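A short worksheet on the structure shown next.
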Protein chains: 2
Amino acid sequence: MTRVLVVDDEPQIVRALRINLRARGYDVDAAPDGRTALDLAARRHPDVIILDLGLPDMEGAEVIKGLRGWTSVPIIVLSARHASEEKVETLDVGADDYVTKPFGMDELLARLRAAVRRAAPPEEDAVIVTDDFTVDLAAKKVGRDGADVRLTPTEWHVLEVLVRNTGRLVSQQQLLREVWGPSYENETGYLRVYLAQLRRKLEKDPSRPRHLITEPGMGYRFER
Amino acid sequence: MTRVLVVDDEPQIVRALRINLRARGYDVDAAPDGRTALDLAARRHPDVIILDLGLPDMEGAEVIKGLRGWTSVPIIVLSARHASEEKVETLDVGADDYVTKPFGMDELLARLRAAVRRAAPPEEDAVIVTDDFTVDLAAKKVGRDGADVRLTPTEWHVLEVLVRNTGRLVSQQQLLREVWGPSYENETGYLRVYLAQLRRKLEKDPSRPRHLITEPGMGYRFER
DNA sequence: GGCGTCCTTGACGACCTCGTGGCAACGCCC
DNA sequence: GGGCGTTGCCACGAGGTCGTCAAGGACGCC
């Protein structure tokens with residue numbers, strides 16, 4: 001299901017959006033201010049964000065920059081202001097679309113569909129095969145010796161980030177940011193625990209991993 | 001250079017766009033009707049298309065469908081009509097953005113930048129190859145004789161700075177500043193140790209280095 | 001209310017990296 | 001040729017990082 005994060009401090013707008021989005025099968029989170037928005041974005045990983053610019057605690061541009069530091073999730077900006085400079089600035093700091101209030105719900109939903117469609121990866125035939133196990137990114141499934149391996153949500157998330165960067169080094173900060181959110185960049189203990197769990201479930205010899213490799217002091221790397 | 005295809009049957013609009021886009025370093029093609037647009041898109045492979053809906057020969061939706069059959073190039077639609085149904089339909093057949101006329105040039109250019117940015121490929125790997133070893137900056141990987149070479153974080157950091165300045169002299173101060181920070185500019189002993197380690201790991205004859213070269217009294221240089 | 005799953009947290013030992021000092025070799029200048 | 005500064009090389013100790021295990025706690029399900 002597509003998850004939408006609505007960021008707006010006006011309850012009636014949030015309510016209208018929630019009703020309309022729910023009715024069309026979207027999963028809706030809502031945040032009344034920038035701080036909550038950044039937090040929810042990190043924890044819930046929405047597929048698209050609808051962001052009102054007139055927030056009580058932060059400038060809209062700051063929210064966008066905070067998000068763009070670690071995610072490329074589509075951001076659709078809502079604003080009451082028609083001023084050209086604001087549109088330009090907002091788009092240039094990383095927003096994907098800019099809709100002025102009052103807006104037509106149909107149009108907003110169409111722009112939402114367009115944003116999600118663009119962000120959708122172009123038909124991955126995403127089954128990565130190693131000597132020891134297989135990872136199906138689309139089906140979110142891991143197989144080993146013919147049987148499925150059960151992963152917890154966090155285990156899967158860590159594995160997914162590594163597999164999507166096959167062969168490349170993923171720094172500890174990057175991994176923590178993508179899985180736990182930007183405020184967890186120092187919790188390197190999590191990685192030790194979860195990499196160990198993944199190795200125990202996937203590697204033939206967990207004490208000498210061949211695919212989930214540690215680069216001491218730098219990060220981790222998935223090798224096929 | 002970014003190539004833009006402008007599709008519009010009004011010469012003054014084409015002219016205004018051409019001037020503004022050229023001035024900002026875009027390469028501009030123009031088509032006055034849908035047939036020409038499809039033809040030019042196929043032959044010239046623009047990076048983004050600006051498409052007016054009021055074309056003499058085809059419906060705008062038909063042009064978009066014709067393009068979407070084989071390309072995912074971003075399409076920004078221009079239209080004089082504010083009607084919500086038209087926006088919805090246009091976006092749903094595959095347009096990326098919808099701008100109503102009269103439009104502000106600044107805003108259009110900002111939306112163009114946003115569209116191009118989204119479509120940009122996620123940065124390619126640049127692999128530097130020498131006779132003796134290879135350096136993959138994106139993957140943070142060094143290879144030699146087919147096998148990976150393990151570098152410590154500091155070793156990698158030193159090598160990275162040198163490789164990013166291939167052929168150029170990097171002063172000791174600059175190297176120390178970039179790797180250890182501004183307050184270590186006098187610790188030239190560090191460099192001796194780490195250059196020696198890198199040579200031992202990478203050079204065929206570490207006592208006569210061919211790629212990690214000392215410029216006595218000045219600094220170091222990486223030569224392919 | 002009990003149970004199981006999952007996430008978080010802390011402790012500990014093994015291992016490795018970094019910084020450091022000493023010494024020899026080399027080159028340059030006087 | 002002698003003196004001096006710079007560079008290459010080695011070895012060692014402190015501190016940090018990683019893997020591992022286990023316990024506590026939140027949460028959802030029956």
Side-chain angles (χ1 to χ4, degrees), chain A residues 39 42-45 140 142 148-162 169-173 175-176 178-181 183-221, chain B residues 140 142 148-162 169-173 175-181 183-221:
Chain A
D39 183 48
R43 291 215 325 264
R44 305 270 292 167
H45 288 274
K140 292 201 192 305
V142 181
D148 283 357
V149 177
R150 265 192 42 72
L151 296 185
T152 72
T154 308
E155 284 166 7
W156 168 260
H157 209 331
V158 171
L159 180 63
E160 183 180 19
V161 173
L162 289 172
L169 176 83
V170 183
S171 77
Q172 314 189 46
Q173 286 69 26
L175 205 43
L176 288 163
E178 296 231 23
V179 178
W180 281 270
S183 53
Y184 289 76
E185 286 194 6
N186 299 319
E187 303 289 344
T188 56
Y190 293 5
L191 296 180
R192 296 212 297 275
V193 173
Y194 278 93
L195 265 293
Q197 279 169 1
L198 283 170
R199 285 179 183 135
R200 207 173 318 132
K201 290 185 178 180
L202 300 179
E203 294 274 1
K204 197 158 281 172
D205 180 354
S207 64
R208 244 157 329 123
R210 294 176 49 211
H211 305 102
L212 299 167
I213 298 169
T214 301
E215 299 281 2
M218 313 227 297
Y220 295 88
R221 182 200 309 280
Chain B
K140 287 206 187 344
V142 180
D148 287 353
V149 177
R150 264 198 35 72
L151 297 185
T152 71
T154 309
E155 286 165 6
W156 169 260
H157 207 161
V158 171
L159 180 64
E160 186 180 18
V161 174
L162 290 172
L169 173 76
V170 182
S171 76
Q172 311 190 16
Q173 285 70 27
L175 206 42
L176 287 163
R177 214 180 315 128
E178 295 230 26
V179 178
W180 281 270
S183 52
Y184 289 77
E185 285 194 6
N186 300 319
E187 304 288 345
T188 56
Y190 295 6
L191 296 179
R192 297 210 297 278
V193 174
Y194 280 94
L195 265 293
Q197 277 169 0
L198 283 170
R199 286 177 182 137
R200 202 174 326 130
K201 290 185 178 180
L202 300 179
E203 294 274 1
K204 198 159 282 171
D205 181 354
S207 64
R208 245 158 320 130
R210 295 175 49 211
H211 305 102
L212 298 166
I213 299 169
T214 301
E215 301 280 359
M218 318 252 311
Y220 296 88
R221 182 208 315 277

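Below, chains carry the letters A, B, ... as their sequence lines are ordered, and counting in each starts from 1. What you see is a predicted model, and the numbers here were worked out from it, not measured in a lab.
- Using a 4.0 Å heavy-atom criterion, one finds that B/Glu215 contacts no nucleic acid atom at all.
- Residues A/Pro209 and A/Ile213 approach most closely at O-CG1, 4.5 Å, considering heavy atoms.
- Salt-bridge formation is not detected for the pair A/Glu215/B/Lys140: no Lys NZ or Arg NE/NH1/NH2 atom is positioned less than 4.0 Å from an Asp or Glu carboxylate oxygen.
- Atom CG in A/Leu195 sits roughly 16 Å away from atom C1' in D/dC21 (whole-Å rounding).
- Per the geometry, CD1 belonging to B/Ile213 stands 15 Å off P belonging to D/dT7, to the nearest Å.
- Following rounding to the nearest Å, A/Arg200 (CZ) and D/dA22 (C1') show an atom-to-atom distance of 11 Å.
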Could you list the donor-acceptor pairs under 3.5 angstrom formed by side chains in residues 184-198 of chain A, with sequence neighbours left out?
from, atom 1, to, atom 2, distance (Å)
A/Glu185, OE2, A/Arg177, NH1, 3.0

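- Straight-line distance from the CG atom of A/Leu175 to the C1' atom of D/dC18: 15 Å, rounded to whole Å.
- Using a distance-only test at 3.5 Å, with no hydrogens or angles considered, no donor-acceptor pair links the side chain of B/His157 to the main chain of B/Trp180.
- In terms of phosphate contacts, B/Arg150 brings no side-chain nitrogen or oxygen within less than 4.0 Å of OP1 or OP2 of C/dC16.
- Regarding A/Gln172, its CD atom lies at a distance of 9 Å from the C1' atom of D/dT17, rounded to whole Å.
- Across all strands shown, B/Thr214 has heavy atoms under 4.0 Å from sugar-phosphate atoms exclusively, and none from any base.
- One atom, CG of A/Leu176, and another, C1' of C/dT9, lie 15 Å apart when rounded to the nearest Å.
- None of A/Arg221, A/Arg199, A/Gln172 except one satisfies the side-chain hydrogen bond (donor to acceptor under 3.5 Å, both in side chains) rule with A/Thr214; the exception is A/Arg199.
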Dump the intermediate steps for side-chain contact (heavy atoms from CB on, under 4.5 Å) on B/Met218 and B/Leu169, then the final yes or no. CA-CA 8 Å; B/Met218 318 252 311; B/Leu169 173 76; 3.5 Å; yes
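- At least one donor-acceptor pair closer than 3.5 Å links the side chain of A/Lys201 to the backbone N or O of A/Arg150.
- Across the protein-nucleic acid pair, B/Arg221 atom CZ and D/dT7 atom P stand 15 Å apart, rounded to whole Å.
- In this structure, NZ of B/Lys201 is placed 17 Å from C1' of D/dG8, rounded to the nearest angstrom.
- Counting non-hydrogen atoms under 4.0 angstrom, A/Arg208 reaches nothing in the nucleic acid.
- In the helix from C/dG1-D/dC30 to C/dC30-D/dG1, the end axes, each obtained as the rotation axis mapping the C1' atoms of four pairs onto the next four within a five-pair block, lie 30° apart to the nearest 10 degrees.
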Table of protein N/O atoms under 3.5 Å from nucleotides 18-22 of chain C N/O atoms:
from, atom 1, to, atom 2, distance (Å)
C/dC18, OP1, B/Thr152, OG1, 3.4
C/dC18, OP1, B/Thr154, N, 2.9
C/dC18, OP1, B/Thr154, OG1, 2.4
C/dC18, OP2, B/Thr152, OG1, 2.7
C/dC18, OP2, B/Tyr194, OH, 3.4
C/dC18, O5', B/Tyr194, OH, 3.0
C/dG19, OP1, B/Trp180, NE1, 3.4
C/dG19, OP2, B/Trp180, NE1, 2.9
C/dT20, OP2, B/Tyr190, OH, 2.4

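- A close approach under 4.0 Å does occur between a side-chain nitrogen or oxygen of A/Arg199 and OP1 or OP2 of D/dG19.
- Between A/Glu203 and A/Arg210 there is no salt bridge, since no side-chain nitrogen of the basic residue lies less than 4.0 Å from a carboxylate oxygen of the acidic one.
- With hydrogens and angles disregarded, a donor-acceptor distance shorter than 3.5 Å links the side chain of B/Glu155 to the backbone of B/Thr152.
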